[in-house]
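Notes follow once the structure below has been shown.
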Amino acid sequence: LKPLSVPAHLPSVDVEKVPQKGNVFVLGIISILTLWIYPAFWYMRKSEEYTNLGTDKHLSRGLATFYLAVEVLFILSILILPFTISNDPGRFNQNVTTAQMVTLILVIIFFLVAMTLLITLALKSRAIINEALRNKGERNISLFFTIIYGVLYLQYEINRIIEDKEKNPVVAPWVVLIVLLALVGLGILLWG
């Protein structure tokens, strides 16, 4: 992605800071290893890079920071959950303690807020990329894949744009989706 015009409020050195090419596979591995905390940092970096695309839409760094805080709270609430379980693990108890109920509610709330923020960040990024593409006379990137893959798909599309392949058919996301669905189907067959 290259800036279409130099906004008057930006120093000339910032104009070169546009979204950069990155390895989608490595991004996925790092995201998994960090329990999906790393995408917050990816969005923070992209919020600065998107500013230099000459689009009217912008991504708030604060939204990515808020996602980071909620994701950390979600992970902490999951880590706390086992400590709320009865001292006698051999005894089956159908009564849920207050601590267990509060922790479970927090896990659910943090999960829902984190997912909402993650989808919001992806959609805002998609809107910025789409505006930059429309300014070039190109087609929009997929809403479907943006919601399913989030940062992975966005980085994939950024890479395609940098390589001037945005006109080529989208293949990798379909292949990954088909493989994942096949694995789920195979798992269901083997499990059942």
Side-chain angles (χ1 to χ4, degrees), residues 1-77 109-167 170 172-173 176:
L1 296 173
K2 295 181 175 62
L4 300 174
S5 62
V6 180
H9 66 281
L10 292 176
S12 60
V13 70
D14 289 341
V15 175
E16 297 305 316
K17 294 179 183 175
V18 293
Q20 301 296 310
K21 194 171 172 188
N23 188 315
V24 177
F25 180 75
V26 171
L27 175 61
I29 296 297
I30 292 171
S31 296
I32 290 167
L33 291 176
T34 61
L35 303 176
W36 227 253
I37 288 175
Y38 183 74
F41 296 103
W42 188 89
Y43 282 117
M44 285 180 207
R45 188 175 70 246
K46 293 303 176 207
S47 70
E48 295 170 7
E49 295 174 356
Y50 289 154
T51 302
N52 299 306
L53 292 177
T55 60
D56 293 329
K57 293 179 173 67
H58 299 287
L59 181 65
S60 166
R61 186 179 172 99
L63 188 61
T65 304
F66 184 52
Y67 164 71
L68 174 62
V70 171
E71 185 67 15
V72 168
L73 289 171
F74 169 65
I75 292 168
L76 288 175
S77 63
I109 289 171
F110 291 141
F111 173 76
L112 292 174
V113 172
M115 290 304 299
T116 301
L117 289 168
L118 202 55
I119 291 170
T120 301
L121 285 162
L123 293 176
K124 285 184 175 284
S125 292
R126 176 183 179 267
I128 294 166
I129 293 169
N130 282 343
E131 184 179 341
L133 285 171
R134 277 192 303 276
N135 291 342
K136 282 179 62 176
E138 299 295 334
R139 60 148 185 89
N140 288 342
I141 64 173
S142 170
L143 174 63
F144 176 71
F145 288 135
T146 300
I147 292 172
I148 290 179
Y149 297 120
V151 293
L152 303 176
Y153 177 68
L154 293 169
Q155 185 63 61
Y156 169 79
E157 284 294 348
I158 289 169
N159 292 349
R160 284 169 33 98
I161 294 165
I162 290 170
E163 296 168 353
D164 287 326
K165 294 182 178 179
E166 62 266 25
K167 291 181 182 175
V170 176
V176 171

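Here the structure is a predicted model, which means the values were calculated and not measured. Counting begins at 1 with the first residue of the sequence.
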- request: Tell me, please, which residues at least two apart from Glu48 pass side-chain hydrogen bond (donor to acceptor under 3.5 Å, both in side chains).
  value: Arg61
statement: Separation between CD1 (Ile141) and CG (Leu133), nearest 0.5 Å, reads 7.0 Å
query: With a 4.0 Å cut-off, would you call Glu163 and Lys165 a salt bridge?
result: yes
field: Stepwise side-chain contact (heavy atoms from CB on, under 4.5 Å) test for Ile161 and Ile129
entry: CA-CA 10 Å; Ile161 294 165; Ile129 293 169; 3.8 Å; yes
- prompt: Can you tell which of Asn159, Leu27, Thr146 makes a side-chain contact (heavy atoms from CB on, under 4.5 Å) with Leu154?
  reply: Thr146
Heavy-atom pair of closest approach, residues Ile162 and Pro19: CD1-O, 3.5 Å
message: Nearest 0.5 angstrom please: Glu157 CD to Tyr149 OH, how far?
response: 12.5 Å
- request: Give, for atom CD of Gln20 and atom CD of Gln155, the distance between the pair rounded to the nearest 0.5 Å.
  value: 9.5 Å
message: To the closest 0.5 Å, what do you measure between CD1 (Ile75) and CD1 (Ile37)?
response: 3.5 Å
- request: To the nearest 0.5 Å, tell me how far Thr34 OG1 sits from Phe41 CZ.
  value: 8.5 Å
query: Are any side-chain N or O atoms of Tyr67 and backbone N or O atoms of Leu121, one a donor and one an acceptor, separated by less than 3.5 Å?
result: no
task: Let me see the working for Tyr156 and Val170 under side-chain contact (heavy atoms from CB on, under 4.5 Å), right down to the final yes or no.
output: CA-CA 10 Å; Tyr156 169 79; Val170 176; 4.0 Å; yes
message: Could you work out, with side-chain contact (heavy atoms from CB on, under 4.5 Å) as the rule, every residue matching Arg134, not counting sequence neighbours?
response: Lys57, Asn130, Glu131, Asn140
field: Rounded distance [0.5 Å steps], OH in Tyr153 versus CD1 in Ile158
entry: 11.0 Å
